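These numbers were taken from a predicted model, which means no experiment stands behind them. Computed from heavy atoms alone, side chains included, the values below leave out hydrogens, waters and symmetry copies. Note that ligands are numbered from 1 as they come in the structure, with each ligand's atoms numbered from 1 the same way.
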Amino acid sequence: MNILGISAHYHDSAAALVIDGLPVCAVQEERLSRHKGDAVFPQLAIEWCLEHAGLEPDALDAVVFYERPMLKFDRILTCALRAFPHSWRAFPKAMKNSIGEKIWMRGIISSHLGVPGRKVLFTEHHQSHAAAAFFTAPTSGAAILTTDAVGEWATLSVGHGERNANGASAITLLREIRFPHSLGMLYSTFTAYLGFKVNEDEYKVMGLAGFGRPTMVDKVRQLIRRAPDGGFTLDLDYFEYHTTAKRSYSARFVELFGPPRNPYAPIDLENAEGDRFADCAASVQQVLEETLVEITRALRAETGLTDLCLGGGVALNGVANARILADSGFERVFVPPAPGDAGCALGAALYADRIHFGNPDREMPDHSFWGPSVDGNELARLAREDGHIVDQLDDSTLIDRIADDLMAGSIVGWMDGALEFGPRALGHRSILAAPHAMEMRDRLNREIKFREEFRPFAPVVSLEAAERYFELPPGGMRLTRFMSGVFPVRSVWRSRLQAVTHIDGTARVQALERDMAPRLYALLEAYGERSGMPVLLNTSFNLAGEPIVNRAVEGYSTFLRSGINVLVAGQTRVTKRASTKRREEVECLRSVAKSNAG
Ligand SMILES: [Fe+2]
């Protein structure tokens with residue numbers, strides 16, 4: 001049975017194809033269209049999936065959209081009417097932003113793909129999140145918590161999933177919290193207040209939190225009231241997102257926390273204003289963690305289960321995930337590689353397969369590499385045309401050369417096999433570097449990522465060595481598989497892991513199993529033989545504001561426009577020709593001279 005899942009029209013559109021119960025491919029539209037967070041109908045992603053699987057659209061048994069458009073329409077209409085006349089100006093914009101083409105989804109999908117309308121199915125948004133979390137996790141039964149900004153009405157749901165010995169499976173969502181009461185919106189409101197982009201920069205708030213002290217926890221607690229049934233409500237006097245598309249926080253919010261940050265002014269952590277913003281981030285982070293711990297503790301007691309699956313965009317908060325593992329009573333916590341809305345494309349397809357059609361459960365591949373493959377020969381051709389230095393090497397020679405490059409302080413663009421599905425670079429589209437010195441972090445920020453200094457870089461370490469360098473609690477190893485947890489770097493190693501240790505002594509570590517990305521694993525081993533530590537800095541292969549690279553040509557373009565020294569795709573290694581290198585050195589010397597003069 002061939003089932004195509006689609007998520008679209010909010011942010012981060014994607015398509016995923018499930019054939020006979022197993023994922024075959026999945027990709028975010030942004031990786032193909034090259035527009036970050038692309039929310040359009042994912043035509044390119046769908047076309048690639050069908051082409052990759054060798055299917056014509058009429059071979060599809062079902063196309064599943066990741067939420068129910070009419071329920072969403074109902075929510076927006078109801079909120080606008082409740083807020084009338086305050087909302088009358090915002091209503092048309094909200095309709096356009098949030099609904100757009102969605103309510104006509106059956107017809108749109110049908111006409112785009114040429115499939116009959118009866119083959120188009122819909123899942124609820126949080127069912128898609130729950131399915132993406134549960135059906136991809138190696139567990140026979142688990143509690144489920146999905147938390148995001150908003151789907152149709154639900155913003156948080158709790159329940160459980162089962163796989164039975166006879167192959168049948170079930171997902172039961174017991175309760176939900178409804179818009180406008182939303183942990184995702186609470187966090188996003190602070191994201192906006194702190195001058196960052198909503199739905200994109202929430203991880204910057206988490207990074208900034210590490211620099212602050214939670215001095216405003218009591219103030220944040222004024223915004224959220226716990227309910228006796230374990231739920232919560234937000235005090236809506238402090239928010240405006242439910243009545244206007246213009247601003248998410250109200251004048252009362254500003255009275256409580258002070259003036260918002262000007263998004264164009266850099267955050268100076270050396271002055272009181274910068275400290276206030278960092279404290280604000282630390283405070284909302286703490287309240288988010290406490291609320292999630294209370295909800296998951298109650299869920300643990302209610303279900304009696306020891307495994308927990310987390311879905312929804314809030315599950316990208318690795319600090320909160322680690323806290324849930326430590327304090328909820330669950331023994332194992334599973335977060336899929338794409339817990340956000342892109343992952344709903346896969347979740348919707350799996351939900352339809354297992355629940356709607358009642359197909360038997362299948363053992364799922366436990367990785368995120370579902371996208372297009374990179375072609376090393378394409379890189380070689382491009383680089384040769386431009387006169388750069390190209391080596392095509394057998395695997396062991398290439399790995400040795402790259403380990404030597406990393407030891408010599410080179411920054412390496414690393415492309416291998418199929419693209420990751422989800423926001424994390426897990427070893428197939430990564431920028432790699434030595435993790436030891438602070439200078440490397442500064443160099444990456446300055447020459448490649450062009451980003452704020454408070455954002456940490458992550459380490460990748462071989463699975464066997466992970467506990468030597470990082471304090472992983474029982475069950476913590478699972479969260480490191482897809483970089484879903486933040487854990488302390490052991491204090492004795494911090495001075496040798498400066499570039500990947502956050503200000504608060506933690507790291508969002510990826511512990512790599514050999515089978516998951518064998519070539520990166522071999523590189524870690526080779527680097528470990530040389531440096532004594534099988535640990536590398538691993539950051540996503542993209543420049544600020546751009547999606548992660550997909551094809552060789554995008555990696556090559558990024559390589560040319562940044563300070564990446566060595567580029568690898570498959571068995572091709574490229575370094576810049578001497579004149580390019582010299583020009584870079586001159587520019588670097590110029591900028592040093594300029595900053596010294598300043
Ligand atoms: Fe969502």
Q | Any donor-acceptor N or O pair under 3.5 Å, side chains Tyr187, Glu202 | A | no
Q. Which atom, counting only N, O or S, brings Asp148 closest to the Fe ion (ligand 1)?
A. OD2
Q.
Going by ring-ring contact (aromatic ring centres under 6.0 Å, His included), Phe257 matches just one of Phe190, Tyr238, Tyr249. Which one?
A. Phe190
Q) Any N/O/S atom, backbone or side chain, of His125 lying under 2.8 Å from the Fe ion (ligand 1)? A) yes
(Q) Suppose we only allow N, O or S atoms; which atom of Asp341 ends up nearest to the Fe ion (ligand 1)? (A) OD1
Q. Do you know which N/O/S atom name in His129 is closest to the Fe ion (ligand 1)?
A. NE2
Q | Cationic N near anionic O, under 4.0 Å, Asp366 to Arg481 | A | yes
(Q) So that I can tick it off, tell me whether Glu554 and Arg429 are bridged by a salt bridge, with the cut-off set at under 4.0 angstrom between side-chain N and carboxylate O. (A) no
